[in-house]
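As the structure lists them, so they are numbered: ligands from 1, and atoms in each ligand from 1. Nothing fancy with the numbering, it's 1 onward along the sequence.
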Amino acid sequence: MPIRFTRRQLAAVGASALGASATAVPSGARARHGAAAGGEASRVFPAGFLWGTATAAYQIEGAVSEDGRGPSIWDTFTHTPGKIRNNDNGDVADDHYHRYQDDVRSMKELGATAYRFSISWPRIFPRGTGAPNPKGLDFYDRLLDNLLANGVAPFPTLYHWDLPQALQDRGGWETRDTAEAFADYAGYVAEKLSDRARHFFTLNECATFVELGHATGIFAPGLNLPPGRLNQVRHHVLLAHGLAVQAIRARSRAGTKTGPAENISVCVPVIETPEHIAAAELATRELNAPYLTAIMEGHYRESFLAAANADAPRVAAEDMKTISTAVDFVGINVYLPGSYVSASDAVPGFASVPFPAKYPTMNSSWLKIGPEALYWGPRNVAKVWNVSDIYITENGCSATDAPAADGIVYDTDRIMFLRNYLTQLQRATSEGVPVRGYFHWSLMDNFEWADGFGTRFGLLYVDYATQQRTPKLSASFYREVAARNRLV
Ligand code: BGP
């Protein structure tokens with residue numbers, strides 16, 4: 001019987017089997033030969049694909065009282081006893097405000113070509129509106145210069161949940177004024193920074209900060225609003241996005257690009273057959289009705305309005321037009337399948353299949369492991385809304401990272417997670433789904449909101465007592481992927 005090697009075995013035996021003749025081949029040629037014979041080309045990402053990392057201001061910066069920064073709702077919330085695991089707070093966090101140069105150097109060492117970070121609104125406008133604080137902007141000026149000097153493209157997010165407390169005191173997202181204040185701030189920042197930052201994300205994960213901050217109250221500002229007021233918050237947040245897109249366009253350099261960074265509910269067909277795939281596309285529109293669907297389609301879906309009934313949002317004349325102002329790209333944060341979806345003859349034409357009790361998770365109870373989410377997320381967005389540029393603005397996982405006796409963090413679980421998710425992303429790009437870049441959450445361990453410092457998502461391990469950063473094993477994996485622009 002002839003011996004047949006699988007591709008993987010072939011790679012392992014390749015060097016010895018080729019013997020002396022292989023050593024005569026120049027290494028570059030051998031690599032090219034290997035790529036063709038071993039099928040490596042099938043694992044590549046498109047040329048120019050961006051490999052980035054992501055962070056957010058309150059989670060890493062610290063320096064909460066420095067250089068004129070005003071308080072945000074997260075300062076208030078974290079200093080309210082009992083709200084955060086271990087009563088942790090972001091007063092110091094990763095001290096990135098003082099260590100940003102080291103952190104940019106780490107990005108360079110990772111081979112990252114892009115960086116998604118957020119701008120702290122209360123550093124720029126300490127009271128949300130009024131006179132800007134020049135020292136606040138100076139920090140981001142220095143950061144941008146440093147990133148560019150190290151070959152890392154800056155992708156700022158304008159709102160990653162740190163609303164100035166002064167605006168919360170005047171009603172927060174319950175008032176339209178906050179949406180207008182956000183647009184003023186966004187336009188101001190874009191005017192100042194668009195000479196160097198060419199892409200701006202408006203708001204990070206509307207669905208998360210609205211629902212967890214205003215319905216369940218486990219995030220700042222910790223509210224439990226009744227349905228009508230909650231729908232008004234949802235609407236004002238969408239309005240803030242649309243007004244900001246317009247303000248950024250009006251005030252930035254020509255060619256500046258902007259779009260959202262939303263954690264859509266990713267709808268995965270339960271089995272990949274045409275009827276379940278069609279159901280997953282319909283579910284994508286329905287299950288994201290209060291957020292990305294409204295942004296992309298310019299109206300609230302009938303089913304959403306019918307369910308809200310008398311509690312539906314109050315919508316002023318031009319609001320939906322503003323909300324659906326054309327974006328240049330769509331950013332999506334993808335961690336898990338929102339739903340496994342099957343076709344159904346009953347209204348609404350699909351069913352969400354329940355997750356089994358012991359479905360595998362990472363080190364956060366919500367973080368279900370579903371690598372195919374990184375295929376179906378961008379694939380559905382591209383298909384359903386005909387989007388031509390997509391960024392994966394966050395993906396990554398929590399783990400129980402701890403240094404071994406030799407000081408190394410062997411996070412093989414994170415490498416497993418990434419290898420499987422990136423395999424699905426590569427499947428998407430190889431089919432022509434227009435994903436332009438990937439931002440890993442996170443560059444380094446940081447203040448993970450309600451979990452405080454109790455769980456870790458970084459490629460770099462942070463010792464919070466010394467602020468020392470140490471690359472984990474997953475950082476080596478990520479470096480190899482980024483350097484080769486393909487899976488390893
Ligand atoms: C996303 C946020 C990030 C990050 C991540 C992990 O929703 O945009 O800021 O925190 O999730 O979530 P968590 O910190 O809640 O575990």
Side-chain angles (χ1 to χ4, degrees), residues 52-62 72-74 77-78 83-86 88-90 93-94 96 115-121 155-163 201-220 222 237 241 259-266 288 291-292 330-338 361-370 373-374 377 391-401 413-414 417-418 421 438-460 462 464 474:
T53 60
T55 64
Y58 186 73
Q59 295 181 271
I60 63 164
E61 286 180 358
S72 83
I73 56 173
W74 273 93
F77 193 69
T78 56
K83 298 294 186 193
I84 308 293
R85 197 200 297 195
N86 201 30
D88 288 339
N89 61 61
D94 288 338
H96 170 78
Y115 177 47
R116 174 173 178 246
F117 59 99
S118 82
I119 293 180
S120 162
W121 184 351
F155 281 67
T157 303
L158 290 156
Y159 186 74
H160 204 125
W161 308 351
D162 45 357
L163 186 74
F201 298 109
T202 54
L203 299 102
N204 179 69
E205 296 197 355
C206 297
T208 307
F209 78 84
V210 170
E211 306 302 323
L212 300 192
H214 302 78
T216 63
I218 65 167
F219 277 11
V237 163
H241 159 81
E262 188 56 26
N263 63 327
I264 56 162
S265 182
V266 175
N288 294 292
Y291 298 105
L292 194 60
V330 171
I332 49 174
N333 294 359
V334 178
Y335 287 91
L336 70 159
T361 60
M362 295 301 293
N363 192 35
S364 306
S365 54
W366 57 267
L367 216 176
K368 299 182 171 73
I369 304 170
L374 208 45
Y391 290 96
I392 304 302
T393 32
E394 286 180 28
N395 171 250
C397 66
S398 48
T400 54
D401 305 310
D413 47 357
R414 181 170 289 105
F417 181 98
L418 290 178
Y421 274 71
Y438 169 92
F439 294 88
H440 181 264
W441 186 272
S442 178
L443 169 67
M444 55 190 165
D445 299 336
N446 61 55
F447 176 79
E448 289 291 351
W449 308 115
D451 282 333
F453 299 104
T455 194
R456 295 171 178 271
F457 277 79
L459 294 173
L460 308 181
V462 177
Y464 294 109
S474 57

By side chain to side chain contact (heavy atoms under 4.5 Å, CB included), T455 pairs with (sequence neighbours left out) N363, S364, S398, E448, D451, F457
Check your understanding: Can you tell me if T208 and N263 form a side-chain donor-acceptor pair at under 3.5 Å?
Key -> yes
Closest non-hydrogen atoms of Y438 and L418, given as atom of the first, atom of the second and distance, are OH-CD2, 3.4 Å
Hey, what polar pairs (N/O, under 3.5 Å) does ligand 1 make with protein?
residue	atom	partner	partner atom	Å
ligand 1	7 (O)	E205	OE1	2.6
ligand 1	7 (O)	E205	OE2	2.9
ligand 1	8 (O)	H160	NE2	3.3
ligand 1	8 (O)	N204	ND2	2.9
ligand 1	8 (O)	E394	OE1	3.1
ligand 1	8 (O)	E394	OE2	2.9
ligand 1	9 (O)	Q59	OE1	2.8
ligand 1	9 (O)	H160	NE2	2.8
ligand 1	9 (O)	W449	NE1	3.0
ligand 1	10 (O)	Q59	NE2	3.1
ligand 1	10 (O)	E448	OE1	2.7
ligand 1	10 (O)	W449	NE1	3.0
ligand 1	14 (O)	E448	O	3.4
ligand 1	14 (O)	E448	OE1	2.3

The ring pair (Phe, Tyr, Trp, His ring centres under 6.0 Å) partners of F155 (sequence neighbours excluded) come to H199, Y391, F439
Applying side chain to side chain donor-acceptor pair (under 3.5 Å) to D94 and not counting sequence neighbours gives none
Can a donor-acceptor pair be found between the side chains of Y115 and T55 at a distance below 3.5 Å?
yes
